[in-house]
2 protein chains.
Amino acid sequence: MHAPDKLSIVPLAHSPCGCSLCPTRHLCAAADLEEDVLPLLAACMRTSLPMAKGDHLYREGDPAESCFVVRSGVYKTSTVSSSGHEYITGFYFSGELIGFNGQRDGRYLDTAIALETSTVCRLHIRDLPKLWSIGGGPPLLRMLAERQDCATRQQINLCQSRADARVARFLLESSKRMQRLGRDSALIPMPMSRTDLANYLGITLECLSRILARFRNAGLIRAERTEIQILVLANLESLAFHTS
Amino acid sequence: MHAPDKLSIVPLAHSPCGCSLCPTRHLCAAADLEEDVLPLLAACMRTSLPMAKGDHLYREGDPAESCFVVRSGVYKTSTVSSSGHEYITGFYFSGELIGFNGQRDGRYLDTAIALETSTVCRLHIRDLPKLWSIGGGPPLLRMLAERQDCATRQQINLCQSRADARVARFLLESSKRMQRLGRDSALIPMPMSRTDLANYLGITLECLSRILARFRNAGLIRAERTEIQILVLANLESLAFHTS
DNA sequence: CGTCGCTTTGATAGCCTTCAAGAAATGTGG
DNA sequence: CCACATTTCTTGAAGGCTATCAAAGCGACG
């Protein structure tokens, strides 16, 4: 199916990533570090060459010696249940940690795929003590907790039975993410297919399509194939938290 | 409402926990450690005095300087949305990590409450380097990844629209947990109220009650107030993964 | 023994899934 | 650059499942 050392297939840049020059260094472990230790951080991380849309970062079951921080682009993770059904478990933007679940038993528990041209910074688990020694401990803990919280918030979102509330919350969540990235918080990129998003939200493709059409007809959003613009934030918020 | 230094209210035992004598030491960070470093581990952790049912381990918003490992009993975590609705986000048995999400921004993101007489081992975040130095790093990473995976599995469970599949998966998940604890995997303790469980599963109290009745009438389980016995595992599994 | 909270059971309405078909977008070869 | 094939997305109609409202058991506790 694929080579067991699949990880080595992700091509790494020959030189260290050079965190000092990274446009997204304020999003990752570098955030809290002094400028003069950034070269030391760069010694712990290696930047990947650009991965194309559809490329695998790692596959479920691969031996897991690293975790990754998204540097640019978007990734999705998915897992296959024992019944053969595929579940989309997350979407990952710049500065977000991915692949840490491999530390449970040394093998990745999900599959990570680039949704567009993307790059990651790779962190070997064996380098964690080094990362810690230069002050990278707290930011790492923060990223771990952030990832944790992201899964919990999605868990809460899925507890909302109403499909329109799930979609509204997804848009609001994405909006906050864009804000954190310093981008337009009203412009939500949609690099994933409708099928993947519906899967992630626990609803059918048709239902998602209908709800987006409803939101569009109500003037709440402007929906295109690859991006959604939020027009009336307040109405989305009332939909998101309307318990009925 | 409550004192800001609420954490100190959790009463700690005067002496270190003595991991060497802990009946559940094979479940936590002590699992991979040699016998002779267990006293060093005990220097990082402090065991709480028994907490009564309903006692708070910490509250949402409390400053977070520690995380905890459940030593005995069961805890639940919950969070309140901006609309005022409460969501149950998890149940925690022996050996499971709790409260780590506080490391995102220094304050706990949820509230943890004992569901029965319970104890925890408290780990100060500032002691993490010490823990690491005695070889506790990998087990800690494993517990973090385990917690992460637990949230992801629940996320997947909630994507299953059918309520009976959610309940079946919850029972199977709990069964595996009991097996990991070395207890009877067919006997699922139910220390939480039906209301809390329904909330956690994203269905209504009435729906949960009906489904348990259906399972009972079909001879799949024997349901009591505080525990459920699995009678026919195979049928529950086919229900859990039946995509329809 | 009575009250109160929790759980179970019943009936109706609304939402989502499913199946089906059409529209739009994407990719490919000439 | 255009025509065509394929995938992806949208729209429609019917049925099933769950939420909601309502009321009755049941058990804990004073």
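Throughout, protein chains are lettered first and strands after them, A, B, ... in sequence-line order, and every chain is numbered starting at 1.
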Whole-Å distance separating the [atom1] atom of [X] from the [atom2] atom of [N]:
X	N	atom1	atom2	answer
R166(B)	dC16(C)	CZ	C1'	12 Å
L208(B)	dT8(C)	CG	P	8 Å
L197(A)	dT8(D)	CG	P	15 Å
E224(B)	dT7(C)	CD	P	14 Å
H85(A)	dT17(C)	NE2	P	12 Å
D196(B)	dT7(C)	CG	C1'	14 Å
Q160(B)	dT18(D)	CD	C1'	15 Å
L205(B)	dG5(C)	CG	P	15 Å

Residues R104(A), E146(B); criterion salt bridge (Lys or Arg N to Asp or Glu O under 4.0 Å); working and verdict: CA-CA 6 Å; R104(A) 199 194 61 168; E146(B) 169 64 32; 3.7 Å; yes
Which sits closer to the 5' end of DNA chain C, C207(A) or L212(B), going by the nucleotide each is nearest to?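 The residue whose closest nucleotide sits nearer the 5' end is L212(B).
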Under 4.0 Å between a side-chain N/O of S161(B) and OP1 or OP2 of dT18(D), yes or no? no
Output yes when at least one side-chain N/O atom of T204(B) is less than 4.0 Å from OP1 or OP2 of dT20(D), else no. no
Nearest to side-chain heavy atoms of [X], which nucleotide of [options]:
X	options	value
S193(A)	dC19(C), dC9(D), dT7(C)	dC9(D)
R194(B)	dT18(D), dT10(D), dT8(C)	dT8(C)
A163(B)	dA20(C), dT20(D), dT18(D)	dT18(D)

Looking at Y200(A), is its backbone amide N or carbonyl O close enough to the side chain of Q154(A) to form a donor-acceptor pair, meaning the two atoms are under 3.5 Å apart?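 Checking the backbone N and O of Y200(A) against the side chain of Q154(A), a donor-acceptor pair under 3.5 Å is found.
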Between the side chain of T24(B) and the main-chain N/O of S94(B), is any donor-acceptor distance below 3.5 Å?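 Between the backbone of S94(B) and the side chain of T24(B) there is no qualifying donor-acceptor contact (under 3.5 Å).
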Nearest heavy atom decides the nucleotide; on that basis, is E206(B) or R214(B) closer to the 5' end of DNA chain D? R214(B)
Derivation and outcome, salt bridge (Lys or Arg N to Asp or Glu O under 4.0 Å), residues D62(B) and R107(B): CA-CA 5 Å; D62(B) 282 347; R107(B) 292 185 176 277; over 6 Å; no
Select base, sugar-phosphate, or nothing to describe what I203(A) touches, counting heavy atoms under 4.0 Å on all strands.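 Sugar-phosphate contact only - I203(A) comes under 4.0 Å of backbone atoms but never of a base.
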May I ask you to say what R225(A) touches in the nucleic acid, namely base, sugar-phosphate or nothing, with a heavy-atom cut-off under 4.0 Å?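 Touches sugar-phosphate only.
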When the ring planes of Y58(B) and Y108(B) are compared, do they come out parallel, tilted or perpendicular, using 30° and 60° as the limits? parallel
Is the base of dT20(D) touched by the side chain of R162(A) through a donor-acceptor pair closer than 3.5 angstrom? no
